[in-house]
There are 2 protein chains.
Amino acid sequence: MPVNSFEHYPMSWKPDKATLKRPFYQSLALYLERDIVNGFLAPGTKLPPQRELADFLDLNFTTITRAYKVCEVKGLIYAVTGSGTFVAPNAARSITISAEKQANLIELGFVESFEETNTLIKDSIQRVSEKKYVEQLLTYNDPTGIPHQKTAALNWMEPFGIHADQEHVAIVSGAQNALAVTLASLFEPGNRIATDLYTYSNFIELAKILHIQLIPIVGDEYGMLPDDLEKQCSQLNIHGIFLMPSCSNPTTVMIPDFRKRELAEVIRKYRLILIEDDIYAFLTAGVIEDYRQPMYQLLPEQSVYICGTSKSICSGLRVAYMVFGDALREKILKGIFNINVKTSSFDAEVITELILSGKAHQIVSQKIQLAKTTNELYFDYFPIKKNHEHPLSFFRWLPIEKEIDAQALEADLQRHGVRVFHSVRFLSGQSRPEKYLRIALASTNSLQELEIGLTKLKKYLDN
Amino acid sequence: MPVNSFEHYPMSWKPDKATLKRPFYQSLALYLERDIVNGFLAPGTKLPPQRELADFLDLNFTTITRAYKVCEVKGLIYAVTGSGTFVAPNAARSITISAEKQANLIELGFVESFEETNTLIKDSIQRVSEKKYVEQLLTYNDPTGIPHQKTAALNWMEPFGIHADQEHVAIVSGAQNALAVTLASLFEPGNRIATDLYTYSNFIELAKILHIQLIPIVGDEYGMLPDDLEKQCSQLNIHGIFLMPSCSNPTTVMIPDFRKRELAEVIRKYRLILIEDDIYAFLTAGVIEDYRQPMYQLLPEQSVYICGTSKSICSGLRVAYMVFGDALREKILKGIFNINVKTSSFDAEVITELILSGKAHQIVSQKIQLAKTTNELYFDYFPIKKNHEHPLSFFRWLPIEKEIDAQALEADLQRHGVRVFHSVRFLSGQSRPEKYLRIALASTNSLQELEIGLTKLKKYLDN
DNA sequence: AGATTTGTTCTTAAACATTTT
DNA sequence: TAAAATGTTTAAGAACAAATC
């Protein structure tokens with residue numbers, strides 16, 4: 001029997017002891033999940049400490065540990081040694097982002113890629129469809145890409161600072177697919193990956209699906225802090241790190257070279273697998289003056305470099321290039337075979353044709369121009385510029401003051417005809433006091449529509 | 001200290017107690033893995049029982065349980081209550097199958113799809129590339145397929161006995177990709193899925209990557225035995241079942257309707273998620289006389305029906321249709337967004353065009369004709385016919401007598417210029433006494449090449 | 001700076017379940 | 001059919017580690 005009565009102690013959660021069935025840890029985890037999903041326990045709520053709940057329920061406290069663990073693995077709660085256990089910010093809510101076009105809704109949420117440039121692609125598709133060797137594109141052969149396609153891929157990435165050979169590049173079905181292949185091939189459930197505090201929400205969701213734990217690392221204006229990374233690595237067994245150095249999603253931070261080198265040192269020391277998502281390389285390398293190199297070149301043996309063509313060339317043809325160290329090669333290829341079998345050689349060929357014909361560069365130029373225009377427009381409305389934010393980002397990270405719950409804010413704005421995403425969607429760990437909105441600039445049908453959207457947004461936020 | 005000396009007991013594995021470090025279970029698991037990978041412990045070897053090893057190492061036996069568990073999860077060993085723990089048949093060897101074309105090697109291993117029919121596809125690609133709405137195929141829109149593509153999909157599957165609506169069908173990037181989405185979305189690491197004793201090896205590998213445990217169920221000439229399924233369900237917490245009822249890979253078994261109903265009853269009773277891979281529907285529905293219906297129609301609410309077009313229409317355009325119950329919908333869509341974002345609408349459109357124009361049916365007719373011819377040829381060489389084997393299968397399941405290790409046999413035949421796969425690659429669980437080869441009939445460049453391959457194979461086996 | 005709070009990990013113990021003999 | 005062999009699952013205990021106050 002418990003020694004104390006807890007009637008007078010405030011415990012945020014008091015599961016009904018009488019209805020608890022064996023096995024206790026499962027029963028308890030189920031109750032906890034139910035109360036979180038029902039909304040009885042709101043995000044951020046501090047749960048009773050393990051020992052206190054154990055005392056209350058008259059169980060050994062490691063049984064509570066186990067029950068809490070079940071819910072932590074499901075992403076419902078998170079624990080901080082010394083502070084306690086808390087309901088996760090996105091518990092019981094999917095933050096998966098996808099294109100869900102709705103009439104009369106201005107899309108500033110999902111980040112597209114100025115789809116108006118797609119007019120340039122039709123020709124290339126036709127040209128490929130008329131090639132003599134089309135039939136060779138229609139078999140199971142060359143599951144990681146046809147040699148000449150890989151050569152074009154390497155040419156494409158060369159100005160981004162990537163140097164690799166045919167054996168260490170593979171074509172997959174878009175950058176998200178590359179991430180799925182990477183996580184499934186190189187990590188196991190329970191492994192930990194370091195990420196920025198705010199990171200790409202579909203990466204968070206993917207990690208959740210595969211039961212990989214994200215460890216949020218503090219950053220400053222130059223990106224992730226090497227000291228905090230070092231600290232976390234020294235006290236936790238961390239297996240990998242996810243970064244978007246040339247333009248982080250959602251913060252738009254561009255990591256300067258000195259910081260890349262500092263981070264690389266820690267990554268090398270702890271032998272982390274670096275996952276570098278360089279989907280915005282085309283906006284940075286050769287465009288931003290002091291840009292040096294991708295982190296892949298600092299750590300080629302322990303890195304996976306992912307270069308999607310959805311943002312730079314065409315979003316509908318699902319193609320991304322993966323470049324990887326030799327030690328990772330076998331596992332990645334196996335992952336590709338088991339998740340994709342292969343990527344459509346036809347799609348890859350169209351991208352190849354676009355690259356070889358120079359059309360891809362033309363498209364990139366147009367997109368950069370559009371990025372300039374839309375960013376200027378944005379800064380007319382929200383003239384807050386910070387150091388080391390990418391000036392040409394396809395989206396912006398807008399600090400907001402409004403004291404309103406994230407879901408309510410998104411819903412409010414949706415009623416006003418604008419879709420945006422609140423910063424809680426991008427939280428890799430615990431709640432934060434600062435709030436932001438991610439504003440996509442590359443997803444409206446026209447500049448006019450974007451302007452209307454920004455006007456509505458500003459009006460709403462100023463109220 | 002241990003009570004007994006084990007000098008006189010035969011223990012197949014004696015880890016060095018002195019070098020064992022804390023944590024013991026990890027250290028022990030590492031040693032075990034090393035000794036299996038090195039080949040010191042051969043597949044099939046019985047490991048010391050937990051209690052015996054514990055006694056030898058002077059540890060509590062549940063510490064051994066934990067160490068063994070680590071290796072079991074990695075697929076290195078498997079445990080059978082009452083019998084002991086054994087080194088897995090495919091421990092430390094990848095059984096992933098992919099197209100790896102080599103000159104001078106006749107492909108009877110990897111199953112392709114009579115790629116000579118691809119000549120019929122070029123026209124459709126051109127026609128699609130000339131459509132007015134091509135640009136609409138190049139965006140992020142309609143991530144699960146454009147409505148008219150889904151309509152065509154449902155039309156395509158209608159003769160197979162599938163009735164569903166737009167909301168419960170999605171287009172993904174091939175059948176293997178559909179399986180990846182299904183497993184990642186609907187199952188968690190540690191979950192169990194029932195399969196045939198011999199099953200599709202890339203399904204085995206995929207399950208391994210995602211840490212889903214396969215529970216092999218015994219079968220007879222009609223396919224999986226409902227009694228054994230019932231038995232396993234009653235004593236293990238099984239979450240799903242994987243079946244290829246219209247033509248099982250690799251056994252070619254076609255499950256008759258009565259058996260489907262018996263199995264469906266058990267599946268319903270234990271609320272398993274049924275994963276029905278119906279990639280060979282086109283060889284069966286409307287072709288085989290007494291074919292009735294897919295199992296999906298018996299259990300629509302708890303099933304995922306997967307209909308790939310790689311075998312029936314074109315292997316290079318990566319398209320498969322998924323049909324699912326409403327209860328599974330949300331999770332599957334989330335899985336699609338996080339693993340694929342979307343499938344190329346262009347590829348899906350070409351398949352749609354092929355279906356709507358009737359060309360797809362023409363291709364299917366050709367493939368069926370080729371299947372007839374090649375199967376006749378096969379039976380000339382190996383005239384062993386069993387009941388309920390699919391007469392038109394793209395591969396055959398050849399029982400062999402030869403007393404030779406699987407890898408050696410494959411290597412031997414490769415030296416003779418023929419690539420085949422040994423039955424151990426398809427084992428979902430423990431080793432079996434019977435041996436088979438899976439002989440692909442749809443992968444050679446010509447009938448002549450197939451004939452040469454079969455001749456070589458027969459000659460080798462008769463020796 | 002040290003005690004306290006809180007979460008983590010490993011090992012052991014006991015009860016259980018299944019298969020084999 | 002019952003006993004023995006063998007693996008499984010849950011719970012508890014102990015030592016540890018980090019963060020907070």
Side-chain angles (χ1 to χ4, degrees), chain A residues 9 11-13 20-30 46-73 77-86 190 192 213 215 218 228 230-238 429-430, chain B residues 9 11-12 20-30 46-73 77-86 88 190 192 213 215 218 228 230-238 429-430:
Chain A
Y9 288 72
M11 281 216 301
S12 62
W13 186 55
L20 215 58
K21 286 180 215 47
R22 274 173 173 266
F24 296 135
Y25 83 97
Q26 279 183 8
S27 186
L28 197 57
L30 208 66
K46 182 177 192 294
L47 294 172
Q50 296 174 356
R51 285 170 180 81
E52 203 167 329
L53 187 56
D55 207 359
F56 173 69
L57 294 172
D58 203 14
L59 292 171
N60 182 284
F61 80 94
T62 58
T63 304
I64 312 297
T65 311
R66 201 169 170 191
Y68 276 10
K69 199 81 205 165
V70 171
C71 289
E72 186 172 15
V73 162
I77 62 178
Y78 63 92
V80 186
T81 303
S83 311
T85 307
F86 305 84
R192 299 187 183 89
Q213 202 185 337
I215 307 297
V218 176
D228 193 42
E230 166 101 43
K231 191 181 123 206
Q232 296 292 337
C233 285
S234 70
Q235 67 195 43
L236 279 174
N237 184 11
I238 296 186
Q430 58 205 76
Chain B
Y9 289 72
M11 281 217 299
S12 60
L20 215 57
K21 286 180 217 43
R22 276 174 171 264
F24 296 136
Y25 81 96
Q26 278 184 7
S27 186
L28 197 57
L30 207 66
K46 182 177 191 294
L47 294 171
Q50 296 174 357
R51 285 169 180 79
E52 204 165 327
L53 187 56
D55 208 358
F56 172 70
L57 294 172
D58 201 14
L59 292 170
N60 181 283
F61 79 95
T62 58
T63 304
I64 313 296
T65 311
R66 200 167 170 192
Y68 276 10
K69 200 79 205 167
V70 170
C71 290
E72 186 172 15
V73 162
I77 62 178
Y78 64 91
V80 185
T81 303
S83 309
T85 307
F86 306 85
R192 299 187 183 90
Q213 201 185 341
I215 306 297
V218 176
D228 194 41
E230 166 102 43
K231 192 179 125 206
Q232 296 293 336
C233 285
S234 70
Q235 66 194 42
L236 281 173
N237 184 11
I238 297 185
Q430 58 204 77

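First the proteins, then the strands, lettered A, B, ... as listed; each starts at 1. Hydrogens, waters and symmetry mates play no part in the numbers below; they use all other heavy atoms, side chains included.
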Self-check item: Strand-adjacent residues in residues 21-30 of chain A, judged by heavy atoms under 4.0 Å from DNA chain D
Solution: R22(A), P23(A), F24(A), Y25(A), Q26(A)
Quiz item: For F86(B) and V80(B), which heavy atoms make the closest approach, and how far apart are they?
Solution: CE1-CG2, 4.4 Å
Quiz item: F61(A) has an atom CZ; how far is it from atom P of dG7(C), in whole Å?
Solution: 10 Å
Quiz item: Expressed in angstrom and rounded to an integer, what is the separation of E52(B) atom CD from dA4(D) atom P?
Solution: 17 Å
Quiz item: For Q50(A) and dG7(C), what is the distance between atoms CD and P respectively, to the nearest whole Å?
Solution: 5 Å
Practice problem: Return the nucleotide paired to dT5(C): Watson-Crick means purine N1 to pyrimidine N3 with N6-O4 or O6-N4, wobble means G-U with N1-O2 and O6-N3, both under 3.5 Å. | Solution: dA18(D)
Quiz item: For P48(B) and Y68(B), which heavy atoms make the closest approach, and how far apart are they?
Solution: O-OH, 2.7 Å
Quiz item: Between dT18(C) atom P and Y78(B) atom OH, what is the distance in whole Å?
Solution: 20 Å
Exercise. Give a yes/no answer on whether the side chain of T81(B) brings an N or O atom under 4.0 Å of OP1 or OP2 in dT8(D).
Key: no
Exercise. Take the protein atom CD1 of I64(A) and the nucleotide atom P of dG7(C), then report the distance between them rounded to whole Å.
Key: 11 Å
Self-check item: Minimal non-hydrogen separation, A29(A) against C71(A), with atom names
Solution: O-SG, 3.5 Å
Self-check item: 5′-ward residue of the pair S83(B)/R192(A) relative to DNA chain C
Solution: R192(A)
Exercise. Ignoring backbone atoms, establish whether T63(A) has a side-chain N or O less than 4.0 Å from OP1 or OP2 of dA12(D).
Key: yes
Practice problem: Give one of base, sugar-phosphate or nothing for T65(B), where a contact means two heavy atoms less than 4.0 Å apart. | Solution: base
Quiz prompt | Note, E230(A) side chain near C233(A) side chain (heavy atom, < 4.5 Å) | solution = no
Quiz item: Does OP1 or OP2 of dC10(C) have a side-chain N or O of R66(B) closer than 4.0 Å?
Solution: yes
Quiz item: Could you give the CG-to-P distance, from L59(A) to dA12(D), as a whole number of Å?
Solution: 6 Å
Practice problem: Taking all non-hydrogen atoms of both residues into account, name the closest pair between I215(A) and Q232(A) and its distance. | Solution: CG2-OE1, 3.8 Å
Quiz prompt | For atom CG of D55(A) and atom P of dG13(D), their distance in whole Å | solution = 13 Å
Quiz prompt | Min side-chain heavy-atom separation K21(A)-Q26(A) under 4.5 Å | solution = no
Quiz item: So do L57(A) and I64(A) actually touch side chain to side chain, heavy atoms under 4.5 Å?
Solution: yes
Exercise. Indicate, with a heavy-atom threshold strictly under 4.0 Å, whether T62(B) touches base, sugar-phosphate, or nothing.
Key: base
Quiz item: What is the distance from CG of N60(A) to C1' of dA14(C), rounded to the nearest Å?
Solution: 14 Å
